Every structure is written in structure tokens, then in C-alpha cells.
Amino acid sequence: MRVQIVDPAAYTPPYDHALAGALARAGAQVELVTSHFPYGPVPREQGYEVSERFYRRASGSRTGHRARRALRAAEHLPDMLRFRGHAEATDLVHYMWLPMPSLDRRLLPPKRPRVFTMHWRLPEKGTRIGRTLTRLLAEMDAVVVHSEHGALRLAEDFEVSPERVEVIPHGAFDYLTHQPDEVELPEELREVKGPVILTFGLIRPYKGTDVLLEAFARVRGAELWIVGMPRMPIEPLRELAARAPGTVRFIDRFVTDPEIPAFMRRADIVALPYRNIEQSGVLYTALAFGRPLVLSDVGGFPEVAELGAARLAPVGNPEALAEVLQGLLDDPAKRERLAAGALEAARGTYSWDEIGRETLALYQRLLPR
């Protein structure tokens, strides 16, 4: 079976490569069609081909983020048109992302079956972006979603019939745990002695960093590390941090894969107080490292907590979040139980080999159509 995994803008290279490798191990002939990732090294596994067919000028540019986005926009239409011909060489096309969905649904290659993985944060029903998503998903033969909650919302809010929805979990990023070129923490962080609460990843409004800072002002006996590249004004967050009695450290830049293990292994708790999400790559990074997790009770997060891998806090409630954090800081045994639950989930439910087999089984059901 010949399969193309398509992520034009390389939005999720760890997921793309992990899925491609898992499918190859399951017996598929896989080509990952994407663009060059400009921020650092990306994971590569064995057994599949990588074609960087999209955004060659933008990806090679040394300009800033905004200029690179403008170059991508200029290249998008001709690259999608060229991809139409390239897709004829495969049996099935599996889209991870389509960066310009209103346009892209009109540019899709005629090749069927088409599969789409729902990485988006699901928008509100009836909004402009919600209507755009509904029209895009109508062009797909199957939609993969990572949680039962997401499956229910696709059916109720975005007109995806249940027979076209497939729940396949997001995998734990265990490749990060055995890199040959791991990088130590910066010296000033290596000197920290007490417990550390870590929040990690691109800093965006929906991730609730402000809620975490308000909660941290009520927490005693730990530091808070906010690690990741800002995609929003960060000064209001710094102002909140300045009012907290404990130490808050910002590492406000892109963190490459070889640097991630040191941050994850140092964290006593990983906190993801998101306002809106289905699943998160940061969550599946923390699971791979066996970190105790505190999550908002939103989207698909409660399904992870049901496995004993996380504690939940009400979304947008700093007082309740502080209570959960303090309870774990005060009870190492609770943290150890969560850590064990995280590792068990990573090696079982969220194993990439199992995900590869489930995804290949979906393709096999679709192809006879």
C-alpha cells in the first residue's frame, strides 16, 4: 500500500515522522510530503521517504517569522497545483494540515481515498472558521480525531457522519527520551534546588499561561518555568510573574529537540491549563518522560486523566488550579503514582506501533471503496 502523509507547512514534524515510521513498520510504503522545518532538527525514523516539495523559498529564507509567512503565502498556490500531479502516484493521501483550508479544499488532488487528521483546536459551531472546517471535512473520506470528545463534537457541530470519524490516539513522543545529542540545562537552571512546575511549548492565549501565573501566586515551595517561543505579547505575563511571591523564569525562545529532555526530567510537575484544546503534543512529550501532569478539564484531556496519568483542574480557575498544584507538591507519593501512570499510558494506549496498526487498518477499510 502506497501512502502519502501531507503536512505542507511542517506544522507538526514530530507527529508526522512518528506516524510515517509507525506505518512503515506496519507494512505500508510511506512518503512524507512536507517542507523544510526552519527552527531546528526534526526526528527521522527508518523506512519511509521524505519529500520537501512545499515552500522551498520560504523554508530556506533567513528572514523573520512574518516575512517567512508572506513567502509561504506566495508559494502556496503553485505548490498545491504541482502536488495535484504528484499525488497520482499513491494509493491514499492522508492530510495532517491544510494551511489555507478555504482555498485548499478546492485544490485537493482528485486522488481518493482522502484522510484528514484533526489537529486543529475545534472552533465554536457556527463561526466563520467553523463553517470553513465543515466544508473542508466534507471533502474527506475519513477524519481521524484523537479523543472520544473530539469525535462527538465533529458529529454534532461539523456534520461529519459517525461512520467517517475514526478515533485513533495521539502517540507519546518517546523518541525524545533516547537522543544521542541531549543538551544540558543552562547553568543558571542547573543550580535550582527545589521543585519545579513546568509549562512548555509555544506561548499562545488559549494555553492559559495567565491562569497558571495567577495560580502560582498562591503556591508555595516551587519555581515556575515558562518555556517556549511567544506567539502573543508577553509583557502582561511578565507583569503577572512579577506579582508572584515565588520565582518565575521565562525561557522565551524555540527549544530544540535535544534540549527538551533536560527540561522534562527536571520538572516535578508539567502544567497545561489550556482554555481550549482536544489534545496536545506537549502532553504526549510529558507522558513519554513519565512526568506528573496537571491538565484543564477540557477537550480530550479528561480521557488521559482517566488512565491515571494526570490530575484535572477546572478550566480558567486559578484558585482550583493552585489547590491541585499545591496538593501534588506536598505529596511526593501522589506525584510518583501519576508518573507511573504516565509511563504506562505512553507504552500502552499511546504507543506508536499500536497507532500505526490502527491507522493502517483504517486505510485498508477505505481502499476497497
Side-chain angles (χ1 to χ4, degrees), residues 1-37 42-56 58-59 72 75-101 103-120 133 136-146 160 164-166 168-171 175 281 352-369:
M1 184 191 301
R2 298 167 300 172
V3 178
Q4 288 178 348
I5 304 294
V6 183
D7 179 2
Y11 283 153
T12 49
Y15 185 99
D16 303 341
H17 285 270
L19 179 60
L23 286 168
R25 292 191 297 274
Q29 181 180 331
V30 183
E31 179 188 10
L32 172 57
V33 185
T34 186
S35 57
H36 173 70
F37 185 69
V42 297
R44 288 291 298 269
E45 300 194 27
Q46 300 296 316
Y48 59 94
E49 179 185 355
V50 179
S51 300
E52 294 181 348
R53 292 180 168 269
F54 286 92
Y55 312 138
R56 291 175 178 174
S59 299
R72 280 181 173 179
E75 291 182 271
H76 186 77
L77 176 59
D79 283 356
M80 284 294 290
L81 291 174
R82 278 191 292 269
F83 174 65
R84 287 173 64 89
H86 183 69
E88 290 304 311
T90 194
D91 297 316
L92 178 147
V93 184
H94 188 162
Y95 298 94
M96 297 292 108
W97 295 89
L98 288 164
M100 298 184 182
L103 173 65
D104 291 340
R105 71 183 183 88
R106 296 176 170 87
L107 298 175
L108 291 171
K111 171 63 67 177
R112 310 296 285 257
R114 298 172 183 153
V115 180
F116 187 83
T117 289
M118 195 61 240
H119 290 289
W120 293 24
L133 178 60
L136 175 66
L137 297 183
E139 302 295 333
M140 303 297 161
D141 297 294
V143 181
V144 173
V145 67
H146 297 313
V160 184
R164 287 197 298 125
V165 177
E166 190 77 11
I168 300 177
H170 192 303
Y175 79 93
W352 278 107
D353 283 338
E354 180 58 29
I355 289 162
R357 288 189 288 268
E358 290 181 28
T359 306
L360 189 61
L362 169 63
Y363 297 166
Q364 289 165 339
R365 292 198 302 272
L366 290 172
L367 276 168
R369 300 180 192 176

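These numbers were taken from a predicted model, which means no experiment stands behind them.
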Could you tell me the separation between the CG atom of L362 and the NE2 atom of H94, rounded to the nearest 0.5 Å? 7.5 Å
Between H86 and F83, what is the ring plane arrangement, given parallel below 30°, perpendicular above 60°, and tilted in between? tilted
Note: P99 and P8 closest approach over all heavy atoms is CD-CG, 3.9 Å
Interatomic distance, CG@D141 vs CZ@R164, rounded to 0.5 Å, equals 8.0 Å
Value rounded to 0.5 Å, distance of CZ in R365 from CG in L360: 10.5 Å
Can you see whether Y55 engages H36 through a side-chain donor-acceptor pair at a distance of less than 3.5 angstrom? no
Please tell me whether Y175 and H17 have a donor and an acceptor in their side chains that are separated by less than 3.5 angstrom. no
Considering only NZ, NE, NH1 and NH2 on the basic side and carboxylate oxygens on the acidic side, decide whether R56 and E75 come within less than 4.0 Å. no
d(L92 CG, Q364 CD) to nearest 0.5 Å is 11.0 Å
Work out which heavy atom in G356 is nearest to a heavy atom in A22; give both atom names and the distance. CA-CB, 3.8 Å
Taking all atoms of both residues into account, what is the closest heavy-atom pair of D7 and T12, and its distance? OD2-N, 3.0 Å
How many angstroms lie between atom CD of E358 and atom CG of D353, to the nearest 0.5 angstrom? 11.5 Å
Is the number of heavy atoms from other residues, nucleotides or ligands within 6.0 Å of CD (Q46) greater than 12? no
Only one of I5, T117, L19, V3 passes side chain to side chain contact (heavy atoms under 4.5 Å, CB included) with T359, and that residue is L19
